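Here's the structure we're looking at; comments come further down.
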There are 2 protein chains.
Amino acid sequence: MKGNSTLKYIAQQMGISVSTVSRALNEKSVVKEETRKKVQEMAKKYGYVPNEVARSLQKSSTETIAVVLPDISETFFARIVKGLENVMMQHGYMIILADTRERADKESQYIEMLYRRRVDALVLATVDCSGASATPFLESGTPVVFIDNIPDIVSADVITVDNIAASKVATKYLLSAGHRKIAVILGSKTETTGIERLEGYRQALYASGEEVDEELIEYGDYKMESGYEAMKRLLEKRRETAFSAVYVTSEKMTYGAIRAIREAGLTIPGDLSLVGFDIHNLMDDRPQMITTVCQPEEAIGKKVGELLLDRLKNEENGQKGIKMRLSPFIYEGDTVKRIHETESKYC
Amino acid sequence: MKGNSTLKYIAQQMGISVSTVSRALNEKSVVKEETRKKVQEMAKKYGYVPNEVARSLQKSSTETIAVVLPDISETFFARIVKGLENVMMQHGYMIILADTRERADKESQYIEMLYRRRVDALVLATVDCSGASATPFLESGTPVVFIDNIPDIVSADVITVDNIAASKVATKYLLSAGHRKIAVILGSKTETTGIERLEGYRQALYASGEEVDEELIEYGDYKMESGYEAMKRLLEKRRETAFSAVYVTSEKMTYGAIRAIREAGLTIPGDLSLVGFDIHNLMDDRPQMITTVCQPEEAIGKKVGELLLDRLKNEENGQKGIKMRLSPFIYEGDTVKRIHETESKYC
DNA sequence: TATAATAATACAAACGTTTGCAAAAGGCGA
DNA sequence: TCGCCTTTTGCAAACGTTTGTATTATTATA
């Protein structure tokens, strides 16, 4: 008789009504203390475990939030999830995770499934710049927070790292080390992550009076192999461009770039200086002390959670077009610098 | 009128019964083709989205499986989740993720919450060797699969890497490179991951007729700092022990050990050879070509999924005491070797 | 002791589905 | 036209809760 006992069953056994049992267990409403005690005893005796599915149906809230992202095995996303999960769990919410493997079709399919399950909110790292995959949620007024990439939708809530600041600090770091010709490897021409990181690089160069040499800008696709190829292209035209440093804007591409540099028989930082992006393992453990700009992932997750909790509490859901940009860090040997605090909220 | 339309609503609008609408939409049962068409039209028109919560209640199955693990930001776990998620999604199941931050109290608390939500199964990387936190599931006969650590419970289903084989191959690799005195850094004295990895190391030494020097066995706690400390302890007694190689049995500890070695002014592999464990980023991208044993995480996730699907289909749930041990890989420069296939199933 | 006020409990509807069974509609041969 | 079989549809219960309202039991007040 274990495991399938319900309010009804307990009520029958005790010869009282279901509603009394329910109220006795939920501490909420007034029930005679004596009754409550007895009900609690019985509940324990019969191994009663409340059925959250039924509760969800009745309350029309599942206390569940969905996270849809391109690749959970990227430490970047895993850490965001961790930060988010932590704050949500503290408030009784759990996380459903969907990994799209960077495919837009899966993305919309999963989001559709999640909507059917009536999750209370969606956190989305979209691979589709338009943000269109989120429409079921958007239309129904269910909260959505975009992370990483900023979608076209103007009214969407977004929380990301401040990519411009990140690139600025990386570039400035190299400038202050005396470099004048600095190459950059970007991950995307169309996504905001790429666009903004380029922008920061430009701004830093302008600010110090340097020209931007378009020949020094190469593109990959955030994956390792593309970093390798991009670096090779840069090295091929090194004679003309004469760059002495390179800034690579993603972890995997950084590894690829390092390989290309090594294969070319060059050393870091002897022949070429390098600043990487989000190099987590080398950062925690830095066997080779690569300077790297990092995103505060857990903090992003936490902020997303806090925003969501706020949205979920105050019933007036819907998008408010909040854009929050968290400050990146730079790891330079043993020094860790928080760059700046920009939590710009526009409404 | 968007977003909150139900079967009932559609039925009312069309002046037919709810059950007909339900059957028309679920393709299952016989409905006049004409009616079906009309119902589908209407469903589209009113933006009907089935409510899976209600469905779950009725079917008493949520098509959701829970994954509880100590740290999702560990690539090891993230990849298992990815592999698992992929196969489950293909069958309409979604994943609820819970990160215990390595705390046993959180673990049981989360599992309790998950049981209330009536997830269909539990995948658990426990931090509590007893496996006691899984009791709600175990008692109710809901499928549970343990990963990574093997719990005390004999009848539990477990899928892990073959740790003995992993250690054997790592040790043999060093032996075949001519090393005789090989140190080892383990992560745990009590968990099976630690015990088995030690066992493999022992077996490899015995097999080649070497003595096991207890002085060469050091323990950490799988974290980076402990690898650093353990390596320092080893280096301190290097005069007496005269080891020429070290095998470190976790990713983070390997990074720590590398740091200790470097701080001692030694080089790898010049002064000391090293085999690491699960070095993912260096493996994908291997800027420094560390030899490392790796676990086939996505394959583990996939196997877990397949086992679960089988359990969920054939109603006779419950634990069967299946133990599957997947074969590890060794990455040695550019060579990748699958070690062997041991899918031992004992019933 | 009757009556009003309050505390405790019970009733029943609702949340949105699925599904066994009964009822109705349609088709066909006699 | 009637009866019978088949196809299609409808009814109603069930899944396990919550919750507004009605009812009953208890106590205090006059």
Side-chain angles (χ1 to χ4, degrees), chain A residues 1-40 42-43 46-64 92 113 115-120 140, chain B residues 1-40 42-43 46-64 92 113 115-120 140:
Chain A
M1 199 52 62
K2 273 267 180 183
N4 52 348
S5 81
T6 66
L7 290 186
K8 190 165 144 199
Y9 180 75
I10 295 179
Q12 279 169 349
Q13 294 301 312
M14 301 182 63
I16 64 177
S17 83
V18 180
S19 49
T20 302
V21 179
S22 170
R23 288 194 247 253
L25 258 20
N26 289 323
E27 313 277 338
K28 292 282 178 200
S29 182
V30 272
V31 174
K32 204 160 126 203
E33 208 42 44
E34 192 192 332
T35 324
R36 171 160 292 157
K37 279 273 153 54
K38 262 195 227 146
V39 169
Q40 284 169 340
M42 285 306 186
Y46 294 120
Y48 171 72
V49 178
N51 184 323
E52 292 291 341
V53 177
R55 215 199 287 255
S56 290
L57 179 60
Q58 156 66 34
K59 302 276 210 81
S60 63
S61 146
T62 53
E63 315 249 283
T64 302
M113 286 175 71
Y115 186 68
R116 289 171 173 228
R117 290 175 179 239
R118 298 296 191 269
V119 296
D120 293 342
S140 72
Chain B
M1 199 52 64
K2 274 267 181 184
N4 53 347
S5 82
T6 66
L7 290 186
K8 190 166 148 199
Y9 181 77
I10 295 180
Q12 279 170 349
Q13 295 299 312
M14 300 182 62
I16 65 178
S17 82
V18 179
S19 48
T20 303
V21 180
S22 170
R23 288 192 251 255
L25 258 21
N26 289 324
E27 312 277 338
K28 292 283 177 199
S29 182
V30 271
V31 174
K32 204 160 127 202
E33 207 42 45
E34 193 190 330
T35 325
R36 171 159 292 157
K37 280 272 153 55
K38 261 196 229 145
V39 169
Q40 283 169 340
M42 284 307 184
Y46 294 120
Y48 171 72
V49 178
N51 184 324
E52 291 291 342
V53 177
R55 217 199 288 253
S56 291
L57 181 60
Q58 156 67 32
K59 302 275 209 82
S60 64
S61 145
T62 52
E63 314 250 283
T64 302
M113 286 176 72
Y115 187 68
R116 291 172 172 227
R117 288 172 181 242
R118 297 297 190 270
V119 295
D120 292 343
S140 71

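To find a chain, count down the sequence lines: A is the first, B the second, and so on, and within it residues start at 1. Since the model is a prediction, treat every value here as computed from it, not as a measurement.
Ranking D:dG16, C:dC11, D:dG10 by closeness to the A:Leu57 side chain, first place goes to D:dG16. The side chain of A:Ser22 approaches D:dT18 more closely than any other nucleotide in the set D:dT9, C:dT9, D:dT18.
Between the NZ atom of B:Lys32 and the P atom of D:dT9 there is a distance of 6 Å, rounded to whole Å. The CZ atom of A:Arg55 sits 18 Å away from the P atom of D:dC15 (whole-angstrom rounding). Between the CD atom of A:Gln58 and the P atom of D:dT17 there is a distance of 12 Å, given to the nearest Å. Between A:Ile16 atom CD1 and D:dT23 atom C1' the separation is 16 Å, expressed in whole Å. Here D:dT7 presents its C1' atom at 13 Å from CZ of B:Arg36, a figure rounded to the nearest Å. The nearest whole Å value for the distance from the CD atom in A:Glu33 to the P atom in C:dA7 is 15 Å. To the nearest angstrom, P of C:dT9 lies 16 Å from CD1 of A:Ile10. Taking atom CE on A:Met14 and atom P on C:dT9, their separation rounds to 10 Å, with Å as the unit.
Note on A:Thr35: a side-chain N or O is less than 4.0 Å away from OP1 or OP2 of C:dT9. Regarding contacts with the backbone of C:dC15, every side-chain N or O of B:Tyr9 stays at 4.0 angstrom or more from both OP1 and OP2. For D:dT9, neither phosphate oxygen OP1 nor OP2 lies less than 4.0 angstrom from any side-chain nitrogen or oxygen of B:Ser17. Taking only side-chain nitrogens and oxygens, A:Asn26 comes nearer than 4.0 Å to OP1 or OP2 of D:dT18.
Heavy-atom distances to DNA chain C give each of B:Tyr48 and A:Ser19 a nearest nucleotide, and the one nearer the 5′ end belongs to A:Ser19. Between B:Val21 and B:Ala54, the one whose closest nucleotide on DNA chain D sits nearer the 5' end is B:Val21.
Considering every non-hydrogen atom in both B:Asn26 and B:Arg55, the closest pair reads OD1-NH1, 3.5 Å. The two residues B:Ile10 and B:Tyr46 make their nearest non-hydrogen contact at CG1-CD1, 4.4 Å.
In this model, no side-chain donor or acceptor of A:Arg118 finds a partner on the base of C:dG16 within 3.5 Å. Residue side chain A:Arg23 reaches the base of D:dG20 through a donor-acceptor N/O pair under 3.5 Å, judged by distance alone.
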Inset, instruction - Give the intermediate values and the outcome of side chain to side chain contact (heavy atoms under 4.5 Å, CB included) for residues B:Thr62 and B:Arg117. - result: CA-CA 8 Å; B:Thr62 52; B:Arg117 288 172 181 242; over 6 Å; no

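For the atom pair CZ of B:Arg36 and OG1 of B:Thr20, the computed distance is 11.0 Å after rounding to the nearest 0.5 Å.
Judged by the 6.0 Å distance and 45° axis criteria, A:Arg118 is positioned over the aromatic ring of A:Tyr115.
Within 4.0 Å of A:Val53, counting heavy atoms only, lies no atom of the nucleic acid at all. Counting any heavy atom pair closer than 4.0 Å across all strands shown, A:Val49 reaches sugar-phosphate atoms only and no base atom.
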